[in-house]
Amino acid sequence: MMIGRRAWPHAELAAAIVNDKLTPAEKKLVHDHFWIYGFKVVKTQLRTGELVKASLAKGRSVKFDFDDHRLLRESEEHRDELAAEVLLLAVPFFFQNVRYWKAEKGAALTTYFIGACVMNFSTAYRAWAKSRDRRWLTAYQTAAAPWLDPNRSLAFTDQVDMAQTVQQVFALAKPKQLPILGLLYQGYSQVEVAEQLGLTARAVEGHVYRLRRQVVLAVGAGKITPPAGFTSVPTPEQAKGPVML
């Protein structure tokens, strides 16, 4: 394995890592080598779907939302994002567990490293999907659910027009979400809602996030009718639930 200007036999490099025999400069070179190598391989396997199949083969189930296959197949930007999430977990995992690699079993050290990527893929995917989902909701929630924004100022006529929609949202809300929604609709901020209900701000944020998602999906599925002027919402196809691969 050529790293920098030195050719490392796999067993020798593994021993140097385990026994902490690398100089600081060598550590950086080795770290960078596996990161660059892994980034290329993981991106390819995300495009082909191979990484998902390998994760499932290891018993680590992965749930993909409606268009993740397409995004990862067609978008290099999304592959870059998820590959980085994978490597942020896989690189330290590899260095902590390289002691368990055995040359006599026949797998190259690089193969063992990709195995570390597979082992950490499901966790990385969940983090990436959650972040992407929040960005997707941010793009749509103003159009689909402006009534959940406590900072939005509405004229009286707008409030009247929204009355039916608001009733539908209240009917959709779960019991724990109702008091939060009620206070938000009265104009309380999320911090004030947390104080009123004895919750943490993070707990309120989580409830509001889940409620926004429910509303966005309900609007996209035609279960909630947005008031006039607020019809730019996801299509029913986009709003489908997750599927198991």
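These numbers were taken from a predicted model, which means no experiment stands behind them.
Among residue pairs with one or both ends in residues 104-129, none qualify as salt bridge (charged side-chain N to carboxylate O under 4.0 Å, His left out); sequence neighbours excluded. Residue pairs satisfying the salt bridge (charged side-chain N to carboxylate O under 4.0 Å, His left out) criterion with at least one member in residues 26-38, sequence neighbours excluded, are listed as follows: Arg6-Glu26, Asp20-Lys27, Lys28-Asp32. For residues 169-194, no pair satisfies salt bridge (charged side-chain N to carboxylate O under 4.0 Å, His left out), with sequence neighbours left out.
Qualifying side-chain contact (heavy atoms from CB on, under 4.5 Å) partners for Ala108, counting only residues two or more places apart in sequence or in other chains: His10, Thr110, Thr111. Among residues two or more places apart in sequence or in another chain, the side-chain hydrogen bond (donor to acceptor under 3.5 Å, both in side chains) test is passed with Asp80 by Lys43. Ile36 pairs by the side-chain contact (heavy atoms from CB on, under 4.5 Å) definition with Lys40, not counting sequence neighbours. Applying the side-chain contact (heavy atoms from CB on, under 4.5 Å) test to Lys21 and every residue at least two apart in sequence or in another chain returns Ala16, Asn19. Residues satisfying the side-chain hydrogen bond (donor to acceptor under 3.5 Å, both in side chains) test with Glu85, not counting sequence neighbours, are none. With sequence neighbours left out, the salt bridge (charged side-chain N to carboxylate O under 4.0 Å, His left out) criterion links Glu50 to no other residue. The side-chain hydrogen bond (donor to acceptor under 3.5 Å, both in side chains) search around Thr44 returns none, not counting sequence neighbours.
The distance from the NE2 atom of His78 to the CD atom of Glu76 is 12.5 Å, given to the nearest 0.5 Å.
Inter-residue side-chain proximity for His33 and Trp8 is flagged as unmet; no heavy-atom pair is nearer than 4.5 Å. Residues Val52 and Tyr125 form no side-chain contact, since every pair of their non-hydrogen atoms from C-beta on lies 4.5 Å or further apart. Between Ile180 and Leu199, the closest side-chain pair of non-hydrogen atoms falls below 4.5 Å. Side-chain contact between Val208 and Val204 is present, with at least one heavy-atom pair separated by less than 4.5 Å.
Using cut-offs of 30° and 60° for the angle between ring planes, the His31 and Trp35 rings count as parallel.
Under the 3.5 Å distance criterion, the side-chain polar atoms of Arg79 are matched with a main-chain donor or acceptor of Arg73. Between the side chain of Ser122 and the main chain of Arg60, no donor-acceptor pair closer than 3.5 Å is present.
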message: Could you walk me through whether Val42 and Phe121 satisfy the side chain to side chain contact (heavy atoms under 4.5 Å, CB included) test, starting with their C-alpha distance in whole Å, then the side-chain angles of each, then the deciding distance to 0.1 Å, before giving a yes or no?
response: CA-CA 10 Å; Val42 168; Phe121 171 68; over 6 Å; no
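The two residues Leu46 and Leu51 come nearest to each other via the heavy atoms CD2-CD2, 3.8 Å. Shortest non-hydrogen contact noted between Leu178 and Ala173 is CD2-CB, 3.8 Å.
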Anything under 3.5 Å between a donor and an acceptor, one on a side chain of residues 86-103, the other on a protein residue two or more places apart or in another chain? List them.
{"residue": "Asn97", "atom": "ND2", "partner": "Phe93", "partner atom": "O", "Å": "2.7"}
{"residue": "Arg99", "atom": "NH1", "partner": "Gln96", "partner atom": "O", "Å": "2.6"}
{"residue": "Trp101", "atom": "NE1", "partner": "Ala107", "partner atom": "O", "Å": "2.9"}

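Cluster membership check: Leu172 shares its hydrophobic cluster with Phe170, using side-chain heavy-atom separations under 4.5 Å among Ile, Leu, Val, Met, Phe, Trp and Tyr.
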